[in-house]
Structures are given as C-alpha cells and as structure tokens.
Amino acid sequence: MDERRLHALNDVPYSSGPVVYWMSRDQRVRDNWALLYARSRALEYRAPLVVLFCLAERFLAARPEQYTFMLAGLRAVEEELRACGIPFYIETGDPARSAPAFVERLNAGLVVTDFDPLRVKRVWRESLAAKVRVPVHEIDAHNIVPCRAASGKQEYGAHTLRKKLNRLLPEFLLPVPSLKKFNTAQSSSSSVNWERVYRAAGVSGEEAERIGMESGPRAAERAMRRFFQKGLDDYSWARNDPSANGQSGLSPYLHFGQLSAQRLALEISRSGSRSRDDFMEQLVVRRELADNYCLYNPRYDSFEGIPDWAKKTLDRHRADVREYLYGRDDFEEARTHDPLWNAAQKGLVRRGTMHGYMRMYWAKKILEWSASPEEAYETAVLLNDRHQLDGRDPNGYAGIAWSIGGTHDRPWADRPVFGMVRYMSFKGCASKFNIRRYIESIEND
DNA sequence: ATCGGCTCGCGCAA
DNA sequence: TGCGCGAAGCCGAT
C-alpha cells in the first residue's frame, strides 16, 4: 500500500495486542486498503485481526430504508470475512464511546480505520485516538488519490483539483491486491446477533422492498456489470436527460463503500468506451472534489461555508420578494406549484434516489422559494440526508453548496433572490428534456 | 437557432 | 500586474 494513504491520528507506538480494523465508510471486504493494511500489520506483529463496525442509531437523520440497505451489505461483509478467517463484531450505541470500549475490552494493540471527512466521523475517530493508549491509523480507502495527498487545502474549483489529480492518478489508479485468507490460530467463530442489530437500528428488514433496490457487494457488482453492458457508452449524451435512464445508479453502492471507486475507475479507464472520459470526470474529479471540500471546510453543510462572493450577493437579495414561499413540510411533502419539482421530490421519497440533473434544479428551487438562504440550505441538507440513499455524503453536501452557494462555480448575471448564483429555470428544463415524460416515469413507478 | 454578456477570483505567465 | 478561464445557465438581441 502507498504510504500516502496513511494518516496517523496519534503517535503512540505499537507494543502488543490484536489489530482492530474499525470499518466505517468502506463497508466491503474486497478492494479495501484499510483492511489490507490492517491484515499486513497483524501478520507483521503476529497478532490476531478482527473487524469492528459501530452502529450509530439515528445517524444524521437516516431513515429505516437506509439502515436496511446498509445492514444487508454488512451481512455480506460478515460472510466474506468469515471465509477469510477474520472475526466481525458490531457494537451499538454512540461510537465515540462504543469504539474505545471495544478496543479496551479486547486489549487491542493497533486500531486501523477508514477515512471520512464528515465532522461526526472525525469526532468519533478523534475521541478514540485521545482515549486509547494504542496507535490509531486512518487509511483513505475511499478515494483513488488519497484526499490528503491530492491537496492540502480547500480547492477553489474542479479545474484546480483536476490538474493535481491527473498528475497523481498514474501512481494510484492500479489494481488493488486481493485479500488472502488470514491464517492464524485464532477462532473465527464469532457471529453477529443480527436480531439485536436490527432492533437497535429500529428496522425490520422489510423496508428494502419498498425502495426496490438490492444491496450488498454482489448487487453492486451486478449493477456495475449491467451499466458496462448497457449504459456506459451512452452516458455522455444521456446523463443530463432526467427522462432517460442514462446514469449509472451506482452512487448508493459507492456511498456505503460496497463498491470500490478504484475498481470501477480501473475498469472504466480500460474500457475504451466513448463515454470514458465523461464518466471518469464524475467518478474521480467530482467525487474527490467533494471529499476535499468537506475535509478542508468545516462548515461544508451550511450557508457559512460558501464563498464570500456568494454570501455577499445572497445577502444583498435577502429582502427580495419571493414569488412562492414554502416551509420545510411543504417541500418534504412535495406541495409546491411546480409539477417538475414535485415529481423529483416524490421520486426521492419513494425510491431514495433522484436524477443528478434534477438534484441541481431541486436545490436551486428550494433557495428560490424559501424565506432566507439559511433556511433553504437547512431544508436542502435535511431532506437530502433524510431521503437520499446516498445522502449524508460529501457528494450531497458539495452538490447543495454548488446549487445554493455557488461553491466550485462562478458568478453569473445578477437577478432576484439568487443574486449572482447560477439560476436554473423550468423553461430551461423544458428546452433540454421532455418534462412530461420525466413526470410520468415517476408517477408510473 | 445562435450568440454574447453577465461577474469573480485563482493561478500562471510575464 | 495582466490575462485566461471556469459543472450542467439564462436572457434578450439578432
């Protein structure tokens, strides 16, 4: 593994004891740098290796559907780890307490965890690193070019990060070694009490059917193959047409780490598809830009985090008359005057997803029809976190920041409410795609 | 149908 | 210090 994936969260040296991989963002066994690193440390120290997952109840407004999606994936993680002779544990309760308690109970000697720029995850990791007297190593298993290696500061736009990524990509876009069986004398007979876990998450397991999307590493692999066979070649022209089915739909798998971006990128880059470059732009540049934004901007999910020019211009339009004015419940229940917006919102609530192009329109209209930019921002973040299967993710926060706050964008002609933040209109959508077909596709779903 | 202007600031060249 | 240029657009002029 490239050492640039490693970030030590304290500088305690290893003395003795088992290696714990605290799995969090990257919920997979295959193609997981953090697990590979933990395994090689365990072999080096001749120590046992275990994997821990800490289940946080009510994580960032997550709904039962999202827990069900995640837990189905974790059941597969348990199976695959068992096949490799690695025990898997799930702890419930506040991870800032349950993780250190687990580490102490086990007398662990090293904790390895994966990288996630979200504040709540940083609090968990840092409280662990402060509480335990063992080394805590963070491994960026999510990004292809590790976030901290790509850039040491918040990037201004895609173009500034793109250059840096392209320079480093040849060093990082390589096959991930496969995980070999972990052969030690330790027993791997542990098994998770799933009934207890489901109860702690407050889900029955039936919610998955309502969303209608399979979960887990095998489903992710199937979805990827399906996209390669029919979808990838047309991606360039179809992706911005919400009435077509032109996007990959892989985002929930990437969000929960059930699918490795590195594997996907490697296959795409070798594919020779005519849409290769456009897809790689989304998968690599835009994804890593979102992580960069959240890592270096602690206000990534609020009005406070947007660029100064956008703050100023939105502030100047604070008193502008709003032609339509809605509150959070109106938005959540899709009770606006705009059938296009309502359709996007209804589809989101029903299926946990929204077309990428509509995500921009959706957020910009929340700005247009809310009493203040702050209120709009809060509404967008809450509804995105609550309903998107891939919510609670840097991509979502960066998308809202772009739509409402001009982050990673440039100023445009001054107009009511938006100021110089880029505007999007119903008319524009009508000229770009078949609105009626989009609405019908959601109503008939 | 096509085109330019809108407007700020980063990063690089000079 | 100047200059080119930037996620997905909009609008009015031609």
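Just so it is clear, the structure is predicted and the values come from calculations on it, not from any experiment. We name chains A, B, ... by the order of the sequence lines, and we start the count at 1 in each one.
- Closest contact between the side chain of A/Glu155 and the listed nucleotides C/dA7, B/dG11, C/dG6 involves B/dG11.
- When rounded to the nearest whole Å, the span between CG of A/Leu161 and P of C/dG6 equals 16 Å.
- Residue A/Lys311 places none of its side-chain N or O atoms closer than 4.0 Å to OP1 or OP2 of B/dC8.
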Note to self: Run A/Asn297 and A/Gln154 through side-chain hydrogen bond (donor to acceptor under 3.5 Å, both in side chains) and show every step you take.
What the structure shows: CA-CA 7 Å; A/Asn297 187 332; A/Gln154 186 187 336; 3.3 Å; yes
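- When heavy atoms are screened at a 4.0 angstrom cut-off, A/Lys364 is found touching no nucleic acid atom at all.
- Proximity note for A/Trp412 (side chain, C-beta onward) versus C/dC10, B/dT7, C/dG9: the nearest is C/dG9.
- On the C1' atoms, B/dG9 is 22 Å away from C/dC10, given to the nearest whole Å.
- In this structure, the CZ atom of A/Arg410 is 12 Å from the P atom of B/dT7, given to the nearest Å.
- Remark: A/Arg415 is in phosphate contact with C/dC11, judged by side-chain N or O atoms under 4.0 Å from OP1 or OP2.
- Between A/Tyr156 atom OH and C/dG6 atom P the separation is 13 Å, expressed in whole Å.
- Contacts of A/Met360 with the nucleic acid, taken as non-hydrogen atoms under 4.0 Å apart, include base atoms.
- Atom CZ in A/Phe426 sits about 16 Å away from atom P in C/dG9, given to the nearest Å.
- In the set C/dA7, C/dC10, C/dG6, the nucleotide with an atom closest to the side chain of A/Lys432 is C/dC10.
- In this structure, CG on A/Asn143 lies 9.5 Å from CG on A/Leu295, to the nearest 0.5 angstrom.
- Heavy atoms of A/Trp309 sit under 4.0 angstrom from primed sugar atoms or phosphate atoms, though from no base atom.
- A/Tyr37 and A/His137 have tilted rings, their planes meeting at an angle from 30° to 60° on a 0 to 90° scale.
- In this structure, C/dA7 forms no base pair with any nucleotide, since neither Watson-Crick nor G-U wobble geometry is met with both distances under 3.5 Å.
- Each of C/dC10, B/dT7, C/dA7 was ranked by its minimum atom distance to the side chain of A/Arg286; first place goes to C/dA7.
- In summary, the side chains of A/Asp291 and A/Tyr296 do not present any donor paired with an acceptor at a separation below 3.5 Å, with no hydrogens or angles considered.
- Comparing C/dG9 with B/dC10, their C1' atoms sit 22 Å apart, to the nearest whole Å.
- Searching all strands for a Watson-Crick or G-U wobble partner of B/dA13 with both distances below 3.5 Å returns C/dT1.
- Within the 4.0 Å cut-off from OP1 or OP2 of B/dC10, not a single side-chain nitrogen or oxygen of A/Thr160 is found.
- For an aromatic pair to be called close, the ring centres must be under 6.0 Å apart, and A/Phe279 with A/Phe227 satisfies this.
- Contacts of A/Lys163 with the nucleic acid, taken as non-hydrogen atoms under 4.0 Å apart, involve only primed sugar atoms and P, OP1 or OP2.
- Between A/Lys312 atom NZ and B/dG9 atom P there is a gap of 6 Å when expressed in whole angstrom units.
- Atom CG of A/Asp277 and atom P of C/dA7 are 15 Å apart (whole Å).
- Here A/Tyr293 and A/His408 bring their ring centres to under 6.0 angstrom of each other.
- Of the candidate nucleotides C/dC11, C/dA7, B/dG11, B/dG11 has the atom lying nearest to any side-chain atom of A/Lys153.
- Nucleotides C/dA7 and B/dT2 are separated by 24 Å at their P atoms, to the nearest Å.
- Of the candidates C/dC11, C/dG6, B/dT7, C/dG6 carries the atom nearest the A/His159 side chain, counting heavy atoms from C-beta on.
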Notebook entry, point to check: What do the steps show when you test A/Tyr253 against A/Phe69 for ring-ring contact (aromatic ring centres under 6.0 Å, His included), and what is the final call?
Noted result: CA-CA 9 Å; A/Tyr253 302 116; A/Phe69 190 93; 5.7 Å; yes
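- Note on A/Glu281: nothing from the nucleic acid sits closer than 4.0 angstrom, heavy atoms only.
- The separation between A/Arg167 atom CZ and B/dC12 atom C1' is 14 Å, rounded to whole Å.
- Atom C1' of nucleotide C/dC10 and atom CE of A/Met420 are separated by 16 Å, given to the nearest angstrom.
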